[in-house]
K.L.:
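Next up is a structure, given as structure tokens.
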Amino acid sequence: MKRGLWLIAVLCAMAMTAAEVAAQTGAIGGVVTDQATQQPLAGVHVTVVGTNLSQLTNTTGQFLFPAVPAGPQVLRIAALGYTADDARVTVVSNATQRVTFELRVSAIVLDQVIVSAVTGRAERKRELGTNSASISARELELAPITKFSDALVGRASGVQMQQVNGSIGTSQRIRIRGANSISLSNEPLIFVDGIQFSNSKGGFGVGGADYSRLNDLNSEDIANIEILKGPAASALYGTAAANGVILITTRSGQAGSAQWRAYAEAGTSQDHNPWPSNFLSLETRQSGASVFDDRGRLNRTGYTYCPNESAARGVCTQDQLVALNVFNTPSLNPLQDGSRSQFGLSVSGGTDVATYYVSGDYTDEVGVYSFNTQDRMSLRANTNARVRDNVGVGVNASYTRTKLRLNQNDNNIFSPIINGVLASPWVPTQEQRDESPIGARAGTGFGYYLDDIENLTPRQTVDRFVVGGNTSWQPLSFLSLNSNIGLDFFSRDDGSTLQPGRLPIAATWTPGNRSNQRSSSYIWTMNAAGVASFNPTEEIAATTTLGTGFTREQFESTYCSGVGIVEGTSSCSATSSLFAVDEDYTQVRTIGAYLQQSLAWRDRLFVAASVRGDDNSAFGQDFGFIYYPGASLSWVLSEEPFFPQTDLLSNLRLRTAYGRSGQRPNFRDATTLLEPVSATVGNNEVSAVRLNRVGNLDLKPEKTSEFEIGFDAGLLNDRVALEFGYFQKRSEDALVRVPLPPSYGLSGDAINTGAIWNNLGSINNWGTEMSLSARVMQTQNAVLNMRLIASTLDNKIERLGLDAPITHNRGSVQMHKEGFPTGSFHVRRYEIREPGKQRLLTRDDVILVDTDSVTFLGRSLPTNTQALSGDLTLFRNLVTISGLFERRAGMYLLNDTERFRCNTGFSRGGSGASQGMGNCAGVADPTASLEDQARFIAMRIGAVDPTSPDPTSPQRVTTLAGYVEKADFIKWREASLTLNVPSSLSAVAPMLQGASVSLSGRNLATWTDYTGIDPELNEGGGSSNFNQGEFNTQPPLRYYTLRFNFSF
Amino acid sequence: MKKATSIMMMNTRPMAGRLSRLALGATIALSLAACDTGKLLEVPEPTFATPISLRTIEGLPILYAGGIGDFQIAYSGSGGDAFLTASSLFSDEFHTSDTFTTRQATDQREQQPTIEGNLSDAGFSRLQYARRSAAEVAEVIAEISPQGTADTRYAVMKSLEGFAITALAEGWCGAVPLGTARGGAPAEEGAPLSTQQLFDEAIKRFDAALAGTAGSHLAAVGKGRALLNNNQPAAAAAAVANVPTSFVYNIEHSSNSARQYNPIFALQSNRRYSMSDKEGLNGLPYRSANDPRLPFWQDPANGFDNAVPLFVSDRYPSFTSDVVLADGIEARLIEAEAALRANNTGLWLSTLNELRANVRALMTARYEQYAAKVPAPGTLAPLTDPGSQAARVDLMFQERAFWLFLTGHRHGDMRRLVRQYNRSPGNVFPTGPHHRGGDYGTEVVFPIPFAEQENSQFSHDMCVLTQA
């Protein structure tokens, strides 16, 4: 096959021919200042219009273009938070023209610059028909960021960062404009300084939570985060960008003297969550008898277990209630206060020729379990140089080393939570604790104390290098050749060692064991593009972009495990039996080429069209190239002469865009393969094979097309910025893992059997997004900025391609069903006979409503979200107070913690259990609400089917409906108070340019009607695609942090 | 502040006179375009083989071992649940001691709606998988092996195919489809077959095995088992007549890899199942009988749920313990039952007593560490005629249950008691209060997994869970 490399050839040809073209040139220099304060503005984007010449101002607000074609030119200024400005300059050969810009503060950001990670081209927001979201370093500086993912919480409309787990080192879940794919990931693509960045979540399982690679990023290094929310904006990113793209730019140096920045922070993390009490309701047989023996076993001679439902039927009489909240009992509470400290130092600076940014950071954190710890060291060096007047190069390099110990949690008998929420309501003495055996520890849910659990803590060490280089060559003033190449590499060492005798509970545990996995992940990114700008007429500026890209994603791992380890060692080689080894390898390659044509009319009407073609090694061998078109229209209406110039509506831009992106199949999904295994034949271990997966040679990528339309408005003389948009996104050829009837004999024990990938489905996502930013107040001593972002989302599977829905979560609580939202909750509802009167319910008081089939209950994704943030600066920047609140609504969550508590607690009571007899309120608290009682009865005993043929012996249907709850919430995410040291103190310490101290808090409060632990939790961790359920999951922690910042 | 009022035309220079550069650029372009860029998308595959690559005489042993391994995973299990544990739990051999709702539903004979999944689903899928795998390997052997169908490996594969179908018939409702696949891809959907039709299908496989290797004891015992299930005891006895009592075919387990672990040991070690005793009123006294065929011990810790007392069977004391699929004991038990059905009480008793007289030797030959686990002499007294036909049947089935404990026979036998001996399910299967609260249900067979509904010839309505 001869594919897209012809584009590279064309680019080379363009370069060769252009190199010889020279021009007479002069220089343009100048300074940019704040109109109100007259302070120089650093980092302002300065462009020579109609060329590819652009740069940032240095720390003194200066800029200099040494070689600009002689003749009339237009210089354009764009700075976040300020109005844009243009200046007409006539460049004289071999002379320097100087220009001064004084910029006015503005809430509207039409001229913010976005640099494409694919083309390397810088475009102003006004040129784009889409509404991308921006998060600046300044926003993050004010916020209590404990990990990089915090930066994405509540700061961009349509972007949901779900805090699914609170353990240190765990990953979170990102969704942008809903979910496009039923069976593939719905996580966005991430680029850091133009290099594709892995957000894989692998590591040894701990029961539910998974690991975060996104948080390898040091948030202190971030200059800007740009979020392309969907294919309308990310069409040029091709096969992988259907879920949106997050472009992260790290800090760079600016010409000027060395700027040092140092910080130190210390804080504490605490658990302030509403843990439930454990109940035991009893009927007394022997008055005065103690309820428990010295092992915490119920005294069954003195008492009879009497749950609510039994009491309601008169089977027993509740005359004693024992209740205990483990998490409020100091001697039993497994949770401690955690700690966090962070230190960092950076220096940046340079000359007009070369700039640098170098930083180092160390973070040390201990969670609310003493064995959930993480320390991370980050180093970064970014350099940029103008090696010739028309050649710029940049190299960004970072190294991160993360060492993590992660606690067992979620669906795991070694979870401290599960041992607490199912514990007996009894407080053992220390002697009683010591005497109870491991696996049957007194008073615990599953027989384990924290000291036992600590023996089983997976450790993960990650060394990560991200290195990228970019070049920009302007052989002609109208032509720029951009390229970038880079590698995101990490080496991951996962280990788990159980020393002998620590958990003598099973054959593979008693003698101790060891597991270890060494993994390497590589993502190579290569892009090259030619950007030609020219003006076909005086009023039209045209830009043609032609480029190509290549990515290679490779993952390798080796695994070993063994049983029977020598005390004190932690190596597979130190084990004596039950050895296992494994080796894994995956590789996916993508090659693409694209062409984009942009036209600008009078710098206020912008039209662009593009097409990208991709081929990918994961496509079926019978499928070739796929094409992703895109188109964009942006019109700055308020700059038209006919537009009335008023302070009320000071700026107005209309925009619309269309684009298509894709998502590739997984490695090997297209191929039928046999997996080598071992088998025992005649007492000999021999090589064997088993069917590993059923392939599909026609497999192609999912295609997601998106249309969006909206406007950006500046109100009240640009003090208020309003952005509003509507989007509609449709996935076609959605990859669905189609279950095969097992009777074909293709559904074995290998996880990939039993189904075949096929391009079947169609999914629709649509919604609105709004952003309102305002400078609410501005006086000499007080400035108040407020920001409200909001979004709505709806989602529907238009076509599934299957006769039956695809079910998941506790069997079938959630499903992908044609005509309904993806992963929506469908249950059989029930009702309470004679509600309203508080009493104990019998099994006959709960009546089935949906007698035939399940009914749609609700969605798994929020349908509307709002975030309100603000910062108040007082006394001429002496004090800054900021805060962030977020509301999400419209989604449901399975409260599986409570379901399990009720079900297991009830079973234990009925089985005469001696241990762990703690129970939920619905089962054993006589004051429990009717709803609490009814949902347990419906789940465990079954709701009465009123259509039963024999009413005296009715059929019962069990349903989890009562445990699927609305998960709406409002959270107070962030608050901070910053005191800036007055500049007058610089006289005391002349080197000190600035200093501040901040006191901040994170996860400060939650308001919700959800009855579980936290409405954001997810048992499946960040990689959970649609499952929405908490199951003994560690909720987010509250942080208090004190931080000192110095610049000198 | 300066404000631009118009956009100025760029002063670009013409590109004339650069023809040489253009020519060079064009040359490079053409050179690159001539490259086979498809090579950029070629990725190595170091881990897996393709179905076609092993269809050779050299690949045959690997395919054959794959067929053996697939059957082990399906019938016995890979350190986890499969047909064997589901059958044991559903019958009166095991009860659940963990917290999983699927295990409780199976134990309680009140299984979950198919859409929510059941413990038996894995067994169904893997038995179908093993059936397909064995059939494909047998086909390759017949095609490639110089001996053709006379290759003894052919008989083993056809027998395992037959045993897989037999297990499907013994465990699941009377609506089991047998579809086909070719080269790892779906071929033809199967129409649901009744329990009797399934046993007939199994017998065809055993006959095919015997046609290739007439002396295959494995096929003979399999055929006898299927015929007995089809209420043809005399024919079953004839089928196994030449099988010596010493014959044993084991499903081999190993500690070599986790998928080869003995599942009963692994799951009991993880405290998931407890050995039953008179489970649900009708259950047999597996523990209280103190029978040397049923060694067990009580773990001082409780089950996985930290609540249910844990009784551990010692029949499989390690990960490497093999599971008997077919042996001479079963052959004699088939003969004994045939004698009982023929009212030859003397032959019936003598056949059973002959086995009992050799219990230690027979068990030692079959079960790992048996002699160490069961103190000598460990003998069994001869049985006497209990006097009535009903009592004889009870005794016959108890003998089968004790000899064939945890080998995947008990559930099928309970169904036979209902089908062939007119017993009420309520008098055969565990009933009354369940140890986890609530009562036992009325189901006597496993449901077909939900995914089977993608088979256009199948409907879940066809599967009646209360019909033995």
Side-chain angles (χ1 to χ4, degrees), chain A residues 1 3 5-6 9 12-13 16-17 20 50 69 71-72 74 86-88 102 439-440 446-447 478 506-507 535 538 578 585 587 589 591 617 672-674 678-681 685-691 739 741-749 804 807 811-812 904 907-908 910-911 913 915-916, chain B residues 1-2 4 8-13 18 21-22 24-25 28-29 32-33 37-38 40-41 43 46-49 62 65-66 68-69 73 99 115-117 124-126 128-129 131-132 177 179 181 184 186 190 252 254-257 269-270 301 306-308 435-437 449 451-455:
Chain A
M1 287 182 293
R3 292 173 176 152
L5 273 190
W6 61 269
C12 290
M16 297 294 288
T17 52
E20 286 297 300
V74 175
D86 289 350
R88 194 174 57 175
E102 296 178 350
F446 275 86
F478 70 90
N535 291 11
E538 282 194 4
L578 302 176
Y585 180 89
Q587 189 184 129
R589 300 181 183 194
I591 186 167
S617 61
T672 298
L673 293 169
L674 300 177
S678 57
T680 314
V681 180
E685 303 296 343
V686 297
S687 295
V689 288
R690 65 171 175 176
L691 183 69
S743 60
Y744 280 129
L746 298 169
S747 308
D749 62 316
T807 61
S812 62
T904 303
S907 294
R908 287 171 165 173
S911 64
Q915 298 284 341
Chain B
M1 186 167 57
K2 302 166 180 64
M8 306 306 293
M9 180 72 178
M10 283 300 305
N11 180 16
T12 57
R13 295 180 62 188
R18 309 299 173 205
R21 293 291 179 184
L22 275 173
L24 181 57
I28 292 173
L32 284 170
T37 57
L40 285 172
L41 297 178
V43 296
T47 311
F48 293 93
I62 296 170
I68 299 275
I73 301 288
T99 56
I115 196 170
E116 294 178 18
F124 182 88
S125 299
R126 294 180 192 180
Q128 293 276 9
Y129 182 92
R131 171 187 69 76
R132 188 267 314 154
E252 295 181 86
S254 159
S255 61
N256 183 52
S257 65
S269 175
N270 283 329
N306 196 16
V308 174
H435 71 281
R436 280 276 170 71
E452 191 59 40
Q453 70 172 12
E454 295 296 322
N455 178 352

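Just so we're on the same page: letters track the sequence lines, and every chain starts at 1.
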K.L.:
What part of A/Q587 gets within 4.5 angstrom of chain B, counting heavy atoms only: side chain, backbone, both, or neither?
P.N.:
both
K.L.:
Under a 3.5 Å cutoff, is there a donor and acceptor pairing between the side chains of A/S678 and B/S257?
P.N.:
yes
K.L.:
Quick check on the interface: out of B/G190, B/G117, B/S254, who has the most heavy-atom pairs with chain A under 4.5 Å?
P.N.:
B/S254
K.L.:
Got a sec, which residues hit salt bridge (Lys or Arg N to Asp or Glu O under 4.0 Å) with B/R131, two or more places apart in sequence or on another chain?
P.N.:
none
K.L.:
Let me know if B/I68 has heavy atoms under 4.5 Å from chain A in its side chain, its backbone, both or neither.
P.N.:
side chain
K.L.:
Under 3.5 Å, is there a donor-acceptor pair linking the side chains of B/R126 and B/Q128?
P.N.:
no
K.L.:
Distance only, no hydrogens: is a donor on one side chain within 3.5 Å (strictly under) of an acceptor on the other, for A/S743 and B/E452?
P.N.:
yes
K.L.:
Can you tell which part of B/P177 gets under 4.5 Å to a heavy atom of chain A, answering side chain, backbone, both or neither?
P.N.:
both
K.L.:
Of all of B/G69, B/P46, B/G184, which one pairs up most often with chain A through heavy atoms under 4.5 Å apart?
P.N.:
B/G184
K.L.:
Between B/A301 and chain A, with a heavy-atom cut-off of 4.5 Å, which part of the residue counts as in contact: side chain, backbone, both or neither?
P.N.:
neither
K.L.:
I'd like to know which of A/A506, A/A507, A/A679, A/S747 tops the heavy-atom pair count under 4.5 Å against chain B.
P.N.:
A/S747
K.L.:
What's the verdict on side-chain contact (heavy atoms from CB on, under 4.5 Å) for A/L674 and A/L691, showing C-alpha distance, side-chain angles and the deciding distance?
P.N.:
CA-CA 4 Å; A/L674 300 177; A/L691 183 69; 4.0 Å; yes
K.L.:
Could you walk me through whether A/F446 and B/T99 pass side-chain contact (heavy atoms from CB on, under 4.5 Å), step by step?
P.N.:
CA-CA 10 Å; A/F446 275 86; B/T99 56; 3.7 Å; yes
K.L.:
Give the member of B/R132, B/E252, B/E454 that has the highest number of heavy-atom pairs under 4.5 Å with chain A.
P.N.:
B/E252
